[in-house]
S.K.: 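Take a look at this one; I'll ask things after.
We number each residue from 1, following the sequence as shown.
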Amino acid sequence: EAMFLIERLKKDKLNISSLELRMAGPEDIPSIRALYKTVWLREFSFLPAEYLDTKVISEKFRSGAKALMIWNQDRLLGYLLFSSNETGVKIEHLYVRPDVQGRGIGTRLVNELLSMYGGSQKIAAEVWDGNSKAHVFYRRLFFQPSEETNERRFGEQKVEYTLWTR
């Protein structure tokens, strides 16, 4: 997996030597919020813009969530925001810059989370049913869709989610 990522990054002319995987700190919240907004506007453009609330990132951190991030020099390429409790770990967000999607960044973030928690706890991700790329992604990483679904209302718009677990 590491060689695959290195080859893809070389091909895309990303600076391999400056690629950094690390946990987020409070100083990273503005960068995470900016990436969240970029990806949200692209993936959830069918929802009214008033439902985009970047304050949700700060709220999640205040409630105990943590984030893994991958940086290339001063560019945040992707982040995985997660929470954990006695029942397991929940992936809250997995967002990768649109211009580097499909290049192993999301896989690297999930694999790091699995190395931290995968042997001892269930890992779950709630995925919007209309996000076919995410469903393929989690299936490829051996997550299984559960019968558990959820729905949220955004005004008149109903959005359904499926819980994937590993």
S.K.: Rounded to the nearest 0.5 Å, what's the gap from NZ on Lys122 to OG on Ser146? Could you check?
M.R.: 7.5 Å

S.K.: Taking it one step at a time, do Met69 and Asp28 satisfy side-chain contact (heavy atoms from CB on, under 4.5 Å)?
M.R.: CA-CA 9 Å; Met69 306 178 310; Asp28 298 308; 3.3 Å; yes

S.K.: Could you work out, with side chain to side chain contact (heavy atoms under 4.5 Å, CB included) as the rule, every residue matching Ala124, not counting sequence neighbours?
M.R.: Leu163, Thr165

S.K.: Could you walk me through whether Lys133 and Gln101 satisfy the side-chain contact (heavy atoms from CB on, under 4.5 Å) test, starting with their C-alpha distance in whole Å, then the side-chain angles of each, then the deciding distance to 0.1 Å, before giving a yes or no?
M.R.: CA-CA 10 Å; Lys133 289 189 303 186; Gln101 287 180 1; 3.2 Å; yes

S.K.: Under 4.5 Å between any side-chain heavy atoms of Leu94 and Tyr138, yes or no?
M.R.: yes

S.K.: CD1 of Ile91 to OG of Ser84: how many Å apart, nearest 0.5 Å?
M.R.: 12.0 Å

S.K.: Ser115 side chain to Glu112 main-chain N or O, any donor-acceptor pair under 3.5 Å?
M.R.: yes

S.K.: Can you list every pair that meets side chain to side chain donor-acceptor pair (under 3.5 Å) and has a residue in residues 55-64, with sequence neighbours left out?
M.R.: Lys60-Glu92

S.K.: If you take all heavy atoms of Phe61 and Ala24, which pair is closest and at what distance?
M.R.: CZ-CB, 4.1 Å

S.K.: The criterion is side chain to side chain donor-acceptor pair (under 3.5 Å); which residues satisfy it with Thr87, sequence neighbours excluded?
M.R.: Asn85

S.K.: I'd like to check Val96 versus Val39 (side-chain heavy atoms, cut-off strictly below 4.5 Å). Are they in contact?
M.R.: no

S.K.: Run the side-chain contact (heavy atoms from CB on, under 4.5 Å) test on Ile32 and Leu81 for me, step by step, so that the C-alpha distance in whole Å, both residues' side-chain angles and the decisive distance to 0.1 Å come before the verdict.
M.R.: CA-CA 9 Å; Ile32 291 171; Leu81 184 75; 5.8 Å; no

S.K.: With heavy-atom distances below 4.5 Å as the criterion, would you say the side chains of Ile123 and Lys90 are in contact?
M.R.: no

S.K.: Using the side-chain contact (heavy atoms from CB on, under 4.5 Å) rule, take Thr107 and Arg140 through it: C-alpha gap first, then chi angles, then the decisive distance, then the call.
M.R.: CA-CA 9 Å; Thr107 300; Arg140 188 172 49 80; 3.2 Å; yes

S.K.: How long is the straight-line distance from CD of Gln121 back to CE of Met116, given to the nearest 0.5 Å?
M.R.: 10.5 Å

S.K.: In chain order, what residues pass the ring pair (Phe, Tyr, Trp, His ring centres under 6.0 Å) check against Phe44, with sequence neighbours excluded?
M.R.: Trp40, Trp128

S.K.: Measuring only between side-chain heavy atoms, which start at C-beta, is Arg108 closer than 4.5 Å to Ile70?
M.R.: yes

S.K.: Quick one: are Pro145 and Arg139 in side-chain contact, heavy atoms under 4.5 Å?
M.R.: yes

S.K.: Does Ile105 reach the side chain of Leu109, with side-chain heavy atoms less than 4.5 Å apart?
M.R.: yes

S.K.: Per the ring-ring contact (aromatic ring centres under 6.0 Å, His included) rule, what does the pair list look like for residues 94-115, sequence neighbours excluded?
M.R.: Tyr36-Tyr95, Tyr79-Tyr95, His93-Tyr95

S.K.: Could you tell me if the side chain of Thr38 sits less than 4.5 Å from the side chain of Pro98, heavy atoms only?
M.R.: yes

S.K.: Are Arg75 and Asp99 within salt-bridge range, i.e. N to O under 4.0 Å?
M.R.: yes

S.K.: Identify the residue among Ile57, Leu77, Leu76 that makes a side-chain contact (heavy atoms from CB on, under 4.5 Å) with Leu35.
M.R.: Leu76

S.K.: Taking side chain as C-beta onward, heavy atoms only, is Arg22 less than 4.5 Å from Leu68?
M.R.: no

S.K.: Asp129: what forms a side chain to side chain donor-acceptor pair (under 3.5 Å) with it, not counting sequence neighbours?
M.R.: Thr162

S.K.: Apply ring pair (Phe, Tyr, Trp, His ring centres under 6.0 Å) to Phe82 and Tyr117, showing your working.
M.R.: CA-CA 11 Å; Phe82 65 96; Tyr117 294 98; 5.7 Å; yes

